[in-house]
J.: 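My structure is below; once you've seen it, I'll send some questions.
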Amino acid sequence: MKLLGTMQLFLLAGVGFALLAGLVVSALVPAVLRWTAAWTPAARHRALLLTSVAPMVLALASVLAVALPSLLALAWPAPDHCLVEHDHPHLCLVHLSASAGGWSAGLLLAVLGWLAMRLTSLARALARGAALVRQLSPSSRRVADREAWVVPGREPVCLSVGVLRPKTVVSQGLLAEASPADLTVMMEHEHAHQRRHDTLLRVIARFTSTTMLPDSRRSLLAALELSSERACDEESALRVGDRLQVAETLVAMERRLSAPRENVFVVAFGPSGVPERVEALLAPPRQSGAYAMMLAGFVVVIFVVLASFEPLHHATETALGLLIH
Amino acid sequence: MSGAPVHPPLLGDLEATVMAFLWDGGEGEAKAVHKALGKARGITLNTIQSTLKRLFEKGLLAREKVSHAHVYTPRVGRDEFQRGALGQLVSELMGGETEAMVSAFVHLTERAGPEHLERLERLVAQRRRLIGRAKR
């Protein structure tokens, strides 16, 4: 039972760190968006991805840091770090704690339940998405020298769907309407998404940024999405050797989707990202991106968190003591 | 054909195969469907009967009693069904939890608006003309 009490304390600390890290990263989002605005899309995408996983990575590093004294004590029992005379909960695997109390157990159950619900709903949504694609009885075919699933339907559709092994889905309507040059651009764009594992990274970013403030998280994920689209536009432009052709294809596709037709989609005017992408393709390609510097800074922060395990451990125990009593 | 569900129901593997068989003009009596599909798959007549019943309950098949047996016919055409399914795929995948698993070349449900589109078309055409002139 005492091991359960200790695990409960570690989980409580983990939830606290995740919330705190979410707040800190949320406060940094506007600066990160400004700093990376002039970077190449690929560098910006990496930087924003790092920002979105930062809350979870920082929380895990902090939990590891507060567990380090007892892990060290288990490895070398001599230097006992615990101030056993202190009447506070022990984040210690040597001196196990009693349960932190009913309300904290309830809170933990709620957090774990919410986490399980999110994962379940994501898994169900993914399974439903896969079933919906199967429903269309797609036929595998080569389009512009790339493998694609061709689905029936008059609407112009071109997308990549799937997380681990995404597939390009193209509608017969699009094949009938689009020029060979447009199809090449689109297939190269979708192939770039698959090469870069963009859908998988997006799922990860959504999950790891959960504890951020909603507005900051929304702007971060929207910028992440746009940067991944722009990075694929750039890769597509490199492969077809013509940035303007990619811009033309984007505009042509936007025109096709805007055309009054018996559309089966519910359409809204919103931040489609097309204007930004076209303008970026008409501007000279960007060269800069200090992603390595940003990554190095993040590694330093993690190292500092781990190195300050002793004060962090005691501060967390004190904070948990105040919270519980 | 009429009475197409606005959102076609999700079909299991066998249900989709049975629908495809009937859409291709296959005979709609359970025994005939079993003879065409069931034997090769090693499934019983009962399974085929309950599959046909499920498809009827989902609104995809109509049925008529001929002597002692039900004869099933599609209520929804293949095109109609697939058109609905494509719309459903897009509307479900481009919103909510599933949005993360899709990347569309151009967002399918969010439009930039006519004024943006016209401006972009002008910009792109202008650039194409400039390049053309420079080449000459």
Side-chain angles (χ1 to χ4, degrees), chain A residues 121-122 124-126 128-129 131-137 151-155 157-163 166 169 171 185-186 189-190 193 198-199 202-203 205-206 228-229 232 244 247-251 253-255 257-258 263-275 278-279 282, chain B residues 6-13 15-17 19-20 23 77-132:
Chain A
S121 97
L122 186 66
R124 283 182 59 186
L126 295 182
R128 187 165 171 80
L132 281 167
V133 173
R134 274 202 310 274
Q135 181 107 313
L136 286 164
S137 348
V151 295
R154 286 192 292 271
E155 290 69 26
V157 171
C158 177
L159 45 85
S160 286
V161 61
V163 178
V169 175
S171 66
V185 167
M186 287 186 231
H189 177 100
E190 295 310 323
H193 275 306
D198 279 336
T199 44
R202 203 182 305 156
V203 169
R206 281 184 175 222
S228 100
E229 292 302 333
C232 293
L244 189 54
E248 282 172 337
T249 304
L250 273 169
V251 172
M253 188 65 171
E254 180 73 17
R255 172 59 75 195
L257 285 163
S258 303
N263 213 326
V264 293
F265 312 143
V266 179
V267 172
F269 292 109
S272 71
V274 169
V278 171
E279 281 159 12
L282 295 179
Chain B
V6 178
H7 293 296
L10 266 183
L11 300 185
D13 186 37
E15 291 174 329
T17 311
M19 283 308 295
W23 276 325
R78 192 199 296 260
D79 282 356
E80 212 168 354
F81 177 83
Q82 289 180 328
R83 184 174 147 77
L86 183 62
Q88 192 177 12
L89 174 80
V90 168
S91 57
E92 284 203 23
L93 292 189
M94 302 302 284
E97 290 282 2
T98 36
E99 198 172 21
M101 67 180 279
V102 181
S103 301
F105 178 67
V106 166
H107 204 290
L108 294 166
T109 57
E110 284 178 358
R111 297 280 57 84
E115 67 287 354
H116 274 300
L117 186 53
E118 279 157 25
R119 183 177 62 85
L120 293 175
E121 281 172 335
R122 272 198 308 275
L123 279 174
V124 168
Q126 206 173 17
R127 181 61 58 88
R128 187 53 84 195
R129 274 198 303 275
L130 275 176
I131 291 175

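Letters A, B, ... mirror the listed sequences (proteins, then strands); counts begin at 1.
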J.: Which bit of Val251(A) is near chain B, if near means a heavy-atom gap under 4.5 Å: side chain, backbone, both or neither?
T.: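 Both parts, backbone and side chain.
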J.: Which residue out of Ser171(A), Cys158(A), Ala205(A) racks up the most heavy-atom pairs below 4.5 Å with chain B?
T.: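 Greatest number of close heavy-atom pairs with chain B: Cys158(A).
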J.: Could you grab the distance from atom CG of Leu130(B) to atom CG of Leu244(A), nearest 0.5 Å is fine?
T.: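 Answer rounded to 0.5 Å: 10.0 Å.
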J.: Okay, side chain of Arg255(A), backbone of Glu118(B): is any donor-acceptor separation there less than 3.5 Å?
T.: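 A pair under 3.5 Å: no.
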J.: In terms of heavy-atom pairs under 4.5 Å, which option from Val185(A), Val169(A), Leu282(A) contacts chain B the most?
T.: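 When all of Val185(A), Val169(A), Leu282(A) are compared, Leu282(A) has the most.
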J.: Carefully, step by step, assess Glu248(A) and Arg127(B) under the rule salt bridge (Lys or Arg N to Asp or Glu O under 4.0 Å).
T.: CA-CA 10 Å; Glu248(A) 282 172 337; Arg127(B) 181 61 58 88; over 6 Å; no
J.: Go through it in stages, so that I can follow the logic: the residues are Arg119(B) and Glu279(A), the test is side chain to side chain contact (heavy atoms under 4.5 Å, CB included), and I'd like the CA-CA distance, side-chain angles, deciding distance and then a yes or no.
T.: CA-CA 11 Å; Arg119(B) 183 177 62 85; Glu279(A) 281 159 12; 2.8 Å; yes
J.: Less than 4.5 Å to any heavy atom of chain B: does that hold for the side chain of Ser228(A), its backbone, both, or neither?
T.: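 Neither part; nothing is under 4.5 Å.
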J.: Can you tell which part of Arg128(B) gets under 4.5 Å to a heavy atom of chain A, answering side chain, backbone, both or neither?
T.: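 Interface part for Arg128(B): both.
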J.: Give, for atom CZ of Phe105(B) and atom CG of Leu250(A), the distance between the pair rounded to the nearest 0.5 Å.
T.: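 One gets 4.0 Å once the value is rounded to the nearest 0.5 Å.
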J.: If the condition is side chain to side chain contact (heavy atoms under 4.5 Å, CB included), which residues does Thr199(A) pass it with, not counting sequence neighbours?
T.: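 Result, side chain to side chain contact (heavy atoms under 4.5 Å, CB included) vs Thr199(A): Pro166(A), Ser103(B).
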J.: Using salt bridge (Lys or Arg N to Asp or Glu O under 4.0 Å) as the criterion, list what pairs up with Glu190(A), not counting sequence neighbours.
T.: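 None.
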J.: Can you tell me which of Asp13(B), Leu123(B), Leu120(B) forms the most heavy-atom pairs within a distance under 4.5 Å of chain A?
T.: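 Most heavy-atom pairs within the cutoff with chain A belong to Leu120(B).
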J.: When rounded to the nearest 0.5 angstrom, what distance separates OG in Ser258(A) from NE2 in His116(B)?
T.: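 Taking OG in Ser258(A) and NE2 in His116(B), the distance rounds to 11.5 Å.
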